[in-house]
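All values below come from the heavy atoms of this structure, side chains included, with hydrogens, waters and symmetry mates left out. Each chain gets a letter, A, B and so on, in the order the sequences are listed, and its residues count up from 1.
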There are 2 protein chains.
Amino acid sequence: MPDEQWSPPLVMVTVDLVILTLRAGELNALLVERGVEPYQGEMALPGGFLNNGEEDLQVAAHRELAEEAGLDGASLHLEQLGVYGTPGRDPRGRVVSVAYLAIAPGLPEPAAGTDAAGARWQPVGAVAAGKVRLAFDHELILNDGVERARAKLEHTALATAFCGETFTISELQRVYEAVWGVEIDPRNFYRKVQGVEGFIVPDGHKATRGRPARLFRAGRSAALHPPLVRPEGAT
Amino acid sequence: MPDEQWSPPLVMVTVDLVILTLRAGELNALLVERGVEPYQGEMALPGGFLNNGEEDLQVAAHRELAEEAGLDGASLHLEQLGVYGTPGRDPRGRVVSVAYLAIAPGLPEPAAGTDAAGARWQPVGAVAAGKVRLAFDHELILNDGVERARAKLEHTALATAFCGETFTISELQRVYEAVWGVEIDPRNFYRKVQGVEGFIVPDGHKATRGRPARLFRAGRSAALHPPLVRPEGAT
DNA sequence: CTAATAGTGTCTATCAGACATTATACT
DNA sequence: AGTATAATGTCTGATAGACACTATTAG
């Protein structure tokens, strides 16, 4: 019980980012090689300490997004994922980390940021399979982020954030298949996505090998009614 | 950009609790009257600073649950809700608050805790209607907690946490009606809840005015397959 | 018997999943 | 014509919502 002399403990706060994209039909996360101790040389999620005592958490997340990944956050979906504050999770002392989830369309290799010795995309499957080890408790955070993304695909228009400005329905379908890890019947998918009010709106056509595909762009709805339900066996 | 002399800013961390229960068929939240500045005399969510630099966040949440609400957290559903860290949200300085959501079955008036000058249940409708004002950004946190509870009722067995050890299907239905703010057809509700694998299991009978009701207790499943979908017009 | 509450049955419009066919381009 | 990809139609079993009846107790 605090007495009159007691003052609250002070802790350090970091912002960590789970940045997901699609590359070659696989779900990838952006990882950086740590340039300083602790865990120097190991892979970790991009992130870092608050700049100063007055920086907003969301602002700090956008700043790290730009610094470590070279991504302009303005057009990016960015959402709070959770807090990770188990004592001992960071050898430097008591560090509470606020995790954010960011979604980006397919991108080339990132320009290595100023802080990070090296930043690169890694398939989340490789991390889940234990092929890539992460510093701190970042594997836990990454798994939470991936699961959140999978769940959000059902109820929100998040999938369009994985695509470019415009996209075909097939491309949108490949997003769902990659993130959920399942195969979807194209005919039923066409019917369902077009039945969701305000999800996607037509925007011209695209030349391709074969019959030209209709192009769409994201509609006005953030929430999907009805939702696109994830099959039972999804990853 | 941090130079070699730079050290991360230190912030204070609080844990705040959204504790929900059902009283007289209405969704209520536990609020305390603040005994100290700032916001002395106003209503707020129960919560407080970390005890020390080594206290786990979840442990701190359980501690506050016991201290300020007199509730033993062992049997209680407790879940992280989010982080609230906007600069200026607390006049004492930079305070980052980790919010937790707790669900309790119907309880009598709480014994006022040691920290809180007074703790009492308030219908969340009164807060939403502006009849009760909360300190800090606690109204935002409360709203997030209520919305989370509503969403979780669809996909998890959370509703049973609002009931006692055993309950009738009618009682369970009243939980859904109160939290969602809608009326549900009892016949369809019976069919649906009994069709969900592992949601509820029979456990004797209950004497009542009229035909005795079958009693149930919570089943083993945490997640509901299929989910109980919330009607469109739910609050 | 009557009142009160618990529990079950049925009908129908809609929807999800399986599956085959037609359409439009390029070579 | 042949190939490749896009788009649409149909059938069927399951489900959600509307609705009416039977069952079991107390007084």
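Going from atom CZ of A:Arg187 over to atom C1' of C:dC19 covers 5 Å, rounded to whole Å. Between the CZ atom of B:Arg214 and the C1' atom of D:dT24 there is a distance of 14 Å, given to the nearest Å. Here the P atom of nucleotide C:dT5 and the OH atom of B:Tyr190 are 12 Å apart, to the nearest Å. Counting to the nearest Å, the C1' atom of D:dA6 and the CD atom of A:Gln173 are 12 Å from each other. The separation between A:Glu183 atom CD and C:dA16 atom P is 20 Å, rounded to whole Å. Distance CG (A:Asp185) to P (D:dA7): 15 Å, rounded to an integer number of Å. Whole-Å rounding puts the A:Arg191 CZ to C:dC15 P distance at 10 Å. The nearest whole Å value for the distance from the CZ atom in A:Arg230 to the P atom in C:dA16 is 17 Å.
Checking B:Val229 against A:Ser170, the closest nucleotide of DNA chain D that is more toward the 5' end is the one next to A:Ser170. Nearest-nucleotide assignment on DNA chain C puts the 5′-proximal partner with B:Ala213, out of B:Asn188 and B:Ala213.
Here C:dT24 is the nucleotide among C:dG17, D:dT24, C:dT24 with the atom lying nearest to any side-chain atom of A:Arg211. Of the candidate nucleotides C:dA6, C:dA4, D:dA6, C:dA4 has the atom lying nearest to any side-chain atom of B:Arg209.
Here A:Glu42 does not pair with A:Arg34 in a salt bridge; the nearest charged N to carboxylate O distance is not below 4.0 Å. A salt bridge links A:Glu171 with A:Lys206: at least one charged nitrogen is closer than 4.0 Å to a carboxylate oxygen.
A donor-acceptor pair shorter than 3.5 Å cannot be found between the side chains of B:Tyr84 and B:Asp16.
Note: A:Trp180 and A:Tyr176 have perpendicular aromatic rings, judged against thresholds of 30 and 60 degrees for the angle between ring planes.
Within 4.0 Å (heavy atoms only), B:Thr168 reaches no atom of the nucleic acid at all. Heavy atoms of A:Glu171 sit nowhere under 4.0 angstrom from any nucleic acid atom.
Without hydrogens or angle criteria, B:Arg148 side chain to B:Gln80 main chain gives a donor-acceptor distance under 3.5 Å.
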